[in-house]
Peer 1: 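The structure is given below, and queries will be raised subsequently.
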Amino acid sequence: ASLTAEHALQAQAQVTIDRGETKQTFAVIAIREWTGEEPAGTIVTFDDISDLVAAERIAAWADFARRVAHEIKNPLTPIQLSAERIKRKFGPKVGEDSDQLDQMTDVIVRQTNDLRRIVDEFSKFARMPEPDRKHGDLAELMRAAVLLQENGNPHISYVTDIESGPMPVLL
């Protein structure tokens with residue numbers, strides 16, 4: 001809780017409610033305003049941030065997957081180059097076993113290439129898709145969201161201060 005210049009006490013918290021198979025996360029903010037020595041009123045807001053928390057978790061896993069893929073991919077080129085050098089340098093020196101050396105080093109090269117392809121696919125899978133940006137009207141979007149909430153619960157009234165004209169933005 002903190003005392004602001006407007007003489008209001010504010011507290012905020014993140015609350016997670018476990019509903020069996022699903023969890024809902026809310027950002028809760030409570031503001032108590034004062035007029036002189038007397039409390040003037042309290043405003044409590046609950047914002048469902050479940051989707052935001054889920055998106056953050058997905059982004060964290062995607063970042064982790066990219067890092068793992070990078071760490072796996074790093075040694076693949078040196079492994080492949082070392083196998084090719086062994087083949088070139090020691091192939092002529094092993095005599096009758098050179099065919100066997102060729103087969104073994106070919107397996108190393110082939111497997112490193114296969115692993116590189118798997119890591120590349122894993123990296124592609126972990127990438128978040130590019131956002132689909134388009135021009136829109138933020139005021140209309142906010143009005144529609146409020147209307148949807150009002151229709152969802154007739155026992156709650158909403159007070160909004162949204163400009164009457166359009167608010168063009170890139171969404």
Side-chain angles (χ1 to χ4, degrees), residues 1-2 10-31 44-149 151-153 162 166-171:
S2 64
Q10 177 176 329
Q12 56 188 5
Q14 183 172 314
V15 178
T16 301
I17 299 172
D18 191 351
R19 296 184 177 201
E21 294 181 17
T22 62
K23 290 185 180 185
Q24 265 186 297
T25 304
F26 295 92
V28 181
I29 300 173
I31 301 173
V44 180
T45 62
F46 296 86
D47 289 321
D48 187 349
I49 58 170
S50 304
D51 291 340
L52 177 63
V53 170
E56 286 174 348
R57 190 173 295 126
I58 289 169
W61 274 111
D63 184 53
F64 175 73
R66 279 192 297 276
R67 289 178 190 201
V68 167
H70 178 74
E71 292 303 318
I72 291 171
K73 202 171 182 180
N74 272 346
L76 293 180
T77 299
I79 290 169
Q80 182 177 347
L81 291 174
S82 295
E84 290 168 350
R85 285 185 194 121
I86 289 170
K87 183 178 182 178
R88 279 195 312 273
K89 183 173 183 177
F90 296 107
K93 295 180 182 178
V94 294
E96 62 187 50
D97 290 331
S98 68
D99 286 345
Q100 197 173 14
L101 179 69
D102 287 348
Q103 289 174 349
M104 291 176 188
T105 54
D106 287 346
V107 166
I108 294 171
V109 170
R110 196 168 46 253
Q111 292 300 312
T112 55
N113 283 332
D114 289 347
L115 190 53
R116 185 176 288 111
R117 277 192 299 278
I118 291 169
V119 170
D120 286 343
E121 289 301 315
F122 184 67
S123 293
K124 287 178 191 171
F125 176 75
R127 266 188 223 112
M128 294 299 286
E130 285 296 315
D132 180 20
R133 293 180 176 93
K134 58 185 173 187
H135 292 280
D137 181 357
L138 183 59
E140 180 57 34
L141 186 63
M142 290 188 301
R143 282 190 285 275
V146 170
L147 182 63
L148 182 65
Q149 292 300 316
N151 289 337
N153 190 341
I162 304 170
M167 296 173 64
V169 292
L170 185 62
L171 302 170

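In this text, all values refer to a predicted model and were calculated from it rather than measured experimentally.
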Peer 1: Would you check if Arg19 and Ile17 make a side-chain contact, meaning some heavy-atom pair closer than 4.5 Å?
Peer 2: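 Arg19 reaches Ile17 side chain to side chain.
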Peer 1: Can you name the residues that form a salt bridge (Lys or Arg N to Asp or Glu O under 4.0 Å) with Arg57, not counting sequence neighbours?
Peer 2: none
Peer 1: Give me the atom names and distance for the closest heavy-atom approach of Gly91 to Ser98.
Peer 2: O-CB, 3.2 Å
Peer 1: To the nearest 0.5 angstrom, please state how far the CG atom of Asp63 sits from the CZ atom of Arg66.
Peer 2: 5.0 Å
Peer 1: I'd like to check the ring-ring contact (aromatic ring centres under 6.0 Å, His included) partners of Phe90; sequence neighbours left out, ordered by chain and number.
Peer 2: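 Residues passing ring-ring contact (aromatic ring centres under 6.0 Å, His included) with Phe90: none at all.
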Peer 1: Tell me if the CG atom of Asp114 is crowded by more than 12 foreign heavy atoms within 6.0 Å.
Peer 2: yes
Peer 1: Just to verify, what does Lys23 make a salt bridge (Lys or Arg N to Asp or Glu O under 4.0 Å) with, not counting sequence neighbours?
Peer 2: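 Per chain and number, Lys23 pairs via salt bridge (Lys or Arg N to Asp or Glu O under 4.0 Å) with no residue.
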Peer 1: Could you please spell out the steps behind the side chain to side chain contact (heavy atoms under 4.5 Å, CB included) verdict for Ile29 and Ile31?
Peer 2: CA-CA 7 Å; Ile29 300 173; Ile31 301 173; 4.0 Å; yes
Peer 1: CD1 of Ile79 to CG of Leu81: how many Å apart, nearest 0.5 Å?
Peer 2: 10.5 Å
Peer 1: Which heavy-atom pair separates Val119 from Ala69 by the least distance, and what is that distance?
Peer 2: CG1-O, 3.3 Å
Peer 1: First locate atom CG of Leu138, then atom CG of Leu171, and finally report the distance between them rounded to the nearest 0.5 Å.
Peer 2: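 Rounded to the nearest 0.5 Å, the CG-CG separation comes out at 7.0 Å.
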Peer 1: Counting only N and O atoms by type, is there a donor-acceptor contact under 3.5 Å from the side chain of Thr105 to the main-chain atoms of Leu101?
Peer 2: yes
Peer 1: Which heavy atom of Val28 sits nearest to which heavy atom of Phe46, and what is that distance?
Peer 2: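 Nearest heavy atoms, Val28 then Phe46: CG2-CD2, 3.6 Å.
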Peer 1: Minimum heavy-atom separation for Ala83 and Val109, please, with both atom names.
Peer 2: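 Closest approach of Ala83 to Val109: CB-CG2, 4.1 Å.
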Peer 1: What residues, two or more places apart in sequence or in another chain, satisfy side-chain contact (heavy atoms from CB on, under 4.5 Å) together with Ala139?
Peer 2: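 Residues passing side-chain contact (heavy atoms from CB on, under 4.5 Å) with Ala139: Asp137, Arg143, Ile162, Met167.
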Peer 1: The test is side chain to side chain contact (heavy atoms under 4.5 Å, CB included); show your working for Met142 and Val146 and say whether it passes.
Peer 2: CA-CA 6 Å; Met142 290 188 301; Val146 170; 5.6 Å; no
Peer 1: Distance from Thr112 atom OG1 to Ile108 atom CD1, nearest 0.5 Å?
Peer 2: 8.0 Å
Peer 1: Do the side chains of Val94 and Gln100 get nearer than 4.5 Å, heavy atoms only?
Peer 2: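 No. Closest side-chain heavy atoms not under 4.5 Å.
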Peer 1: With rounding to the nearest 0.5 Å, note down the distance linking CG in Asp48 to CD in Gln24.
Peer 2: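 It is 4.5 Å, given to the nearest 0.5 Å.
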Peer 1: Roughly how far apart are Asn113 CG and Leu76 CG, rounded to 0.5 Å?
Peer 2: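 Interatomic distance, Asn113 CG to Leu76 CG, rounded to 0.5 Å: 8.5 Å.
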Peer 1: The criterion is salt bridge (Lys or Arg N to Asp or Glu O under 4.0 Å); which residues satisfy it with Arg116, sequence neighbours excluded?
Peer 2: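 For Arg116, no residue satisfies salt bridge (Lys or Arg N to Asp or Glu O under 4.0 Å) once neighbours in sequence are set aside.
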Peer 1: Is there any salt bridge (charged side-chain N to carboxylate O under 4.0 Å, His left out) pair reaching into residues 81-97, and which pairs are they, with sequence neighbours excluded?
Peer 2: Lys87-Asp106
